[in-house]
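In what follows, a single structure is set out as structure tokens and then discussed.
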Amino acid sequence: MSSERKEELAENLRKVKDRIADAASDSGRKIDEITLVVVTKTFPVSDTQILHELGERNFGENRNEEGLAKKELVDPHAIWHFQGQIQSKKIRHITQWANVIHSLDSVDHAQKFAHAENVKDLKFFLQVNLEPSRDDRGGVSIARLPDFLDEVAALGSINIIGFMSVAPLGVDPKEAFQEVAKAKNLAQKNYPSITQLSMGMSGDFEEAIKCGATHIRIGSSILGSRPAQA
Ligand SMILES: *Cc1c(COP(=O)(O)O)cnc(C)c1O
């Protein structure tokens with residue numbers, strides 16, 4: 001394992017954590033309200049291992065084979081976050097390694113998760129789409145949220161803990177995140193378990209923290225840039 005890579009990752013991690021601390025203190029929030037999910041997707045197991053040695057315990061992945069392999073090789077007891085688009089036929093596989101699903105956006109998928117043996121151990125974020133004209137990136141529109149929540153709640157076993165969103169391109173991320181936070185506060189009135197906000201990536205996590213994010217998903221600021229298709 002390269003000690004140069006370890007130094008590089010440690011340095012990047014330290015910088016990101018300093019920025020998280022600054023954004024939290026600027027907005028009067030406590031740092032322990034914010035979970036850093038290190039998005040290790042596409043990076044080798046060795047990088048995930050290094051980040052684990054550096055103390056990280058929340059990892060984000062979006063491919064089954066990769067998520068399962070890293071969980072087994074790095075730490076089955078760490079918290080593994082799935083945040084890619086869900087495909088029906090992969091759901092059973094996702095439940096074999098992921099602890100937290102950030103991208104639930106279909107009642108049909110929720111039904112399939114509800115049949116998983118370990119559904120009680122899974123936590124779900126509902127993905128909110130702020131760009132209804134573009135559904136190719138996944139997510140439930142703000143307008144459909146109330147019905148969606150009722151339909152998923154009727155299944156009984158799906159534990160939705162909050163909302164996840166990706167700020168659309170060309171929109172001020174602050175406005176986007178405020179809209180998601182507002183939708184969360186509204187939903188929480190009917191569904192008190194909805195308390196968490198997964199929002200903020202390398203380019204906009206400080207804004208997200210200021211808008212109440214509880215989970216920020218950071219890849220490239222810690223690991224470096226990924227190949228374009230990932
Ligand atoms: C890849 C990905 C991230 C991490 O993005 P960076 O810009 O590298 O920090 C976060 N969230 C989702 C949904 C992703 O697909």
Side-chain angles (χ1 to χ4, degrees), residues 5 8-9 11-20 23 34-45 47-48 50-51 54 56-67 70 78-87 90 94 97-106 109 123-131 134-141 160-174 176-177 179-181 184 196-230:
R5 182 62 170 156
E8 183 184 357
L9 292 177
E11 170 77 8
N12 291 347
L13 191 59
R14 190 159 52 237
K15 285 186 188 150
V16 163
K17 289 194 165 173
D18 283 348
R19 289 168 60 190
I20 294 171
I34 299 155
T35 299
L36 168 62
V37 178
V38 184
V39 180
T40 44
K41 68 182 183 198
T42 76
F43 287 94
V45 174
D47 280 354
T48 313
I50 291 172
L51 288 156
L54 292 169
E56 295 312 299
R57 291 296 180 271
N58 286 269
F59 300 102
E61 292 287 336
N62 63 353
R63 291 190 189 144
N64 274 318
E65 287 69 25
E66 207 180 324
K70 285 176 180 167
I79 302 173
W80 297 88
H81 299 256
F82 178 87
Q83 40 165 46
Q85 284 205 30
I86 297 168
Q87 291 173 267
K90 300 264 174 88
I94 295 172
W97 61 272
N99 306 97
V100 186
I101 317 289
H102 288 247
S103 43
L104 184 67
D105 65 357
S106 133
H109 292 164
K123 293 176 176 165
F124 292 87
F125 284 93
L126 173 56
Q127 186 173 350
V128 177
N129 178 8
L130 297 170
E131 243 174 334
R134 281 195 63 184
D135 57 10
D136 56 314
R137 307 182 85 190
V140 176
S141 69
I160 297 191
I161 61 167
F163 290 171
M164 179 277 236
S165 199
V166 175
L169 284 175
V171 170
D172 178 358
K174 191 169 165 203
F177 296 146
E179 199 176 344
V180 180
K184 189 272 288 176
Q196 311 287 297
L197 284 167
S198 168
M199 50 191 203
M201 306 171 34
S202 290
D204 54 19
F205 68 87
E206 282 131 325
E207 289 302 341
I209 289 170
K210 290 175 190 169
C211 297
T214 60
H215 293 68
I216 53 176
R217 310 176 311 272
I218 301 187
S220 50
S221 289
I222 295 170
L223 289 126
S225 53
R226 288 179 299 275
Q229 71 272 20

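The figures here come from the full heavy-atom set of this structure, side chains too, leaving out hydrogens, waters and symmetry mates. Remember, it's 1-based here, ligands and their atoms both numbered in the order they're listed.
- A donor-acceptor pair under 3.5 Å is absent between the side-chain atoms of Ser165 and the main chain of Met199, judged by distance alone.
- Two residues are said to be in side-chain contact when any heavy atoms from C-beta on lie closer than 4.5 Å; Asp105 and Asn129 fail this criterion.
- Checked by distance only, ligand 1 and Arg226 come closer than 3.5 Å through their nitrogen or oxygen atoms.
- Shown in contact with Ile218 at under 4.0 Å from a heavy atom are these atoms of ligand 1, numbered in order with element: 9 (O).
- When each atom of ligand 1 is checked for a heavy atom of Gly219 under 4.0 Å away, the hits are 4 (C), 6 (P), 8 (O), 9 (O).
- Taking a cutoff of 4.0 Å between a charged side-chain nitrogen and a carboxylate oxygen, Lys210 and Glu207 do not qualify as a salt bridge.
- Salt-bridge formation is detected for the pair Arg19/Glu206: a Lys NZ or Arg NE/NH1/NH2 atom is positioned less than 4.0 Å from an Asp or Glu carboxylate oxygen.
- Atoms of ligand 1 lying under 4.0 Å from at least one heavy atom of Gln83, given by number and element, are 2 (C), 11 (N), 12 (C), 13 (C), 14 (C).
- With a heavy-atom cut-off of 4.0 Å, Lys41 touches ligand 1 through its side chain alone.
- Without hydrogens or angle criteria, Asp204 side chain to Met201 main chain gives a donor-acceptor distance under 3.5 Å.
- Among Asn99, Asn58, Asn62, the one residue that satisfies the side-chain hydrogen bond (donor to acceptor under 3.5 Å, both in side chains) test with His81 is Asn58.
- Ligand 1 places these atoms under 4.0 Å from at least one heavy atom of Ser202: 6 (P), 7 (O), 8 (O), 9 (O).
- Considering backbone and side-chain atoms together, Met164 places no N or O closer than 3.5 Å to any N or O of ligand 1.
- At a threshold of 4.5 Å between non-hydrogen side-chain atoms, the residues Leu130 and Val171 do not count as touching.
- Taking distance alone, with nitrogen or oxygen atoms compared against 3.5 Å, Ser221 stays at or beyond that limit from ligand 1.
- Contact annotation: Asn62 has no heavy atom less than 4.0 Å from any atom of ligand 1.
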